[in-house]
2 protein chains.
Amino acid sequence: MEEYAALPLFAGIREEDVGAMLACFRARRGSYRSGEPVCEYDGSCREVGVLLEGTARLVRIDRAGAQTILEHVGPGGVFGEVLGFTSYYGDSVFVVCEEECRVLYLDYAHIMQRCQKACGYHSTLVRNMFALVTDQICSLSRRVEVLSRRSIREKLMSYFAIQAGERGREEFLLPFSLTALADYISTDRSAMMRELRRLREEGLVEITGRRVRLGPGDKAEA
Amino acid sequence: MEEYAALPLFAGIREEDVGAMLACFRARRGSYRSGEPVCEYDGSCREVGVLLEGTARLVRIDRAGAQTILEHVGPGGVFGEVLGFTSYYGDSVFVVCEEECRVLYLDYAHIMQRCQKACGYHSTLVRNMFALVTDQICSLSRRVEVLSRRSIREKLMSYFAIQAGERGREEFLLPFSLTALADYISTDRSAMMRELRRLREEGLVEITGRRVRLGPGDKAEA
DNA sequence: TCTTGATCGTTGCAGATGCAACAGACAATT
DNA sequence: AATTGTCTGTTGCATCTGCAACGATCAAGA
């Protein structure tokens, strides 16, 4: 129970209530190893997953085989087909385990149904879930922010600026590999590397491995 | 009151409760004319807006003046800074009225606070809001779906396919002008027109004004 | 009626980007 | 030690795309 109480989803819910709640929402658990598929968004998934431990990514693969990372999920994060993502015409969307992870599943319908017992924690849970979903909108809109740039250079700078802004520092570690970054900003990796080199040469950013530091030239366009 | 009861946000709430609720959430109203700014996401907006009538768009303008439509809001739709969108470093994000609109504002904090009176409609409202926010995730993820394509051609086809899929027909009207479409898929308008012509020449789509019909060549890549 | 602004449609051109292909570094596994 | 797989870094090349610029059309307003 203690491990649940620490989750954002269960914030403000008394530990002694958690047990009842888990039963109420038909909780079940799952464990996955790196690279393993966690769940596929094929219309069958009616649950909300909460990541207790590990990391995962939400990925789309289209008919041509091109892969796009739609979202990253870390500990405490939620995912689920019911939370808004859908797949289209032959594209498949699914969650893949990155680092070994444990997942708690709750039944969506039971969360959203009005509870006959009028349990206090129920509305708290809904509010918490609301906050988590709002965070998702945030990260999606950041993604749109980046993707809507017209050139690789702008995409990179926009992405870096957002990262720096979020952490409040000019220097930070990329949360994933350069290969994955190319994927995230939806461009060709080699073209991205080329642009990255130019940015480095012009002193706009310093990049060593996954460490990124925004250079002084940053204010150029201000 | 009747006009509110029809809103998705108030679904399942008894008409006689709406009055009390509006007071409870510090409701206020606003009217805007076409082109007028409705609200700016500058950190000051602590309310949720519900569109009673008309249409609006959520727009970002960056330092360089480039404009991007982040979202469309129709009657019954909700918007608000608290719902996840934020602006970064000099970019400004705001809602602009498209067609003359009337807006109902509710105070976000009051919605999310646990209600001392434990009014039944309160949790219903939260659940409804949840559904609306989930819809937003849906539309954002569709946007990402389109933007993450690597070429204008793929962006267009992806957008068309999503539109067709949503309405269940191969033929539909674009919800906005071609200029706005270029904006939505974040490409140069002239380049988009060029690609549109090629698609037409190859028989992949028929386009007359805003009317689009997916051609038989559609299955090409299947 | 004339003007204004928005949308649509087109073109030339330079530079950016996607693609294919390759090689080295590194870690994990056999 | 050999192997496998992933990540990084690079290059040549054909093509795509962004940009600037122009003209036509249309609707709304003065």
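Letters A, B, ... mirror the listed sequences (proteins, then strands); counts begin at 1. Note that the structure is predicted; figures quoted are calculated from it, not measured.
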Check whether NZ of the Lys or CZ of the Arg B:Arg143 lies under 6.0 Å from the centre of the six-membered ring of B:Tyr184 and within 45 degrees of that ring's axis.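 Flagged: B:Arg143 positioned over aromatic ring of B:Tyr184.
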
Take the protein atom [atom1] of [X] and the nucleotide atom [atom2] of [N], then report the distance between them rounded to whole Å.
X: A:Leu196; N: D:dT11; atom1: CG; atom2: P; answer: 15 Å
X: A:Met192; N: D:dG9; atom1: CE; atom2: C1'; answer: 11 Å
X: A:Leu181; N: D:dG9; atom1: CG; atom2: P; answer: 12 Å
X: A:Glu98; N: D:dT6; atom1: CD; atom2: P; answer: 14 Å
X: B:Met193; N: D:dC19; atom1: CE; atom2: C1'; answer: 16 Å
X: B:Glu195; N: D:dC19; atom1: CD; atom2: C1'; answer: 17 Å
X: A:Phe176; N: D:dT6; atom1: CZ; atom2: C1'; answer: 17 Å

Any idea how A:Tyr159 and A:Phe176 line up, ring-wise: parallel (<30°), tilted (30 to 60°), or perpendicular (>60°)?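 Parallel: the ring planes of A:Tyr159 and A:Phe176 meet at under 30°.
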
Partner set under side-chain contact (heavy atoms from CB on, under 4.5 Å) for B:Cys39, not counting sequence neighbours: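 Here the qualifying residues are B:Tyr41, B:Cys45, B:Phe79, B:Val95.
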
State, with a plain yes or no, whether a side-chain heavy atom of B:Val78 is found less than 4.5 Å away from one of B:Gln136.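 Heavy-atom side-chain distance check passes, below 4.5 Å.
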
Under 4.0 Å between any heavy atoms, over every strand shown, what does A:Thr187 touch: base, sugar-phosphate, or nothing? Just pick one.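 Sugar-phosphate contact only - A:Thr187 comes under 4.0 Å of backbone atoms but never of a base.
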
Closest-nucleotide 5' rank along DNA chain D - winner of B:Asp188 and A:Ser177: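 Its nearest nucleotide lies further toward 5', so the answer is A:Ser177.
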
Pairwise 5' ranking along DNA chain D for B:Arg198 and B:Arg189, keeping only the more 5' one: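 That would be B:Arg198.
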
Please identify the 5'-most and 3'-most nucleotides of DNA chain C with any atom under 4.0 angstrom from a heavy atom of chain A.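 Reading along DNA chain C, I get C:dT17 to C:dA20.
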
Taking A:Glu47 first and then A:Arg28, would you say they form a salt bridge - that is, a charged N and a carboxylate O separated by under 4.0 Å?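 Looking at A:Arg28 together with A:Glu47, the answer is yes, because their closest N to O distance falls below 4.0 Å.
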
Salt-bridge criterion met for A:Glu166 and A:Arg142 (N-O under 4.0 Å):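 The answer is yes: the pair qualifies as a salt bridge.
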
Which comes earlier along DNA chain C counting from the 5' end, the contact point of B:Arg210 or that of A:Arg194, where each point is its nearest nucleotide?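 Its nucleotide being nearer the 5' end, the pick is B:Arg210.
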
Quick one: on DNA chain C, does B:Arg200 or A:Arg153 contact a more 5' nucleotide (nearest heavy atom)?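 The answer here is B:Arg200.
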
Go through D:dT10, D:dC16, D:dG18 for me and flag the one nearest to the B:Ser151 side chain.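 Ranking D:dT10, D:dC16, D:dG18 by closest atom to the B:Ser151 side chain puts D:dC16 first.
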
Test of understanding: with salt bridge (charged side-chain N to carboxylate O under 4.0 Å, His left out), list the residues that count as partners of A:Glu100, not counting sequence neighbours.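 Per chain and number, A:Glu100 pairs via salt bridge (charged side-chain N to carboxylate O under 4.0 Å, His left out) with no residue.
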
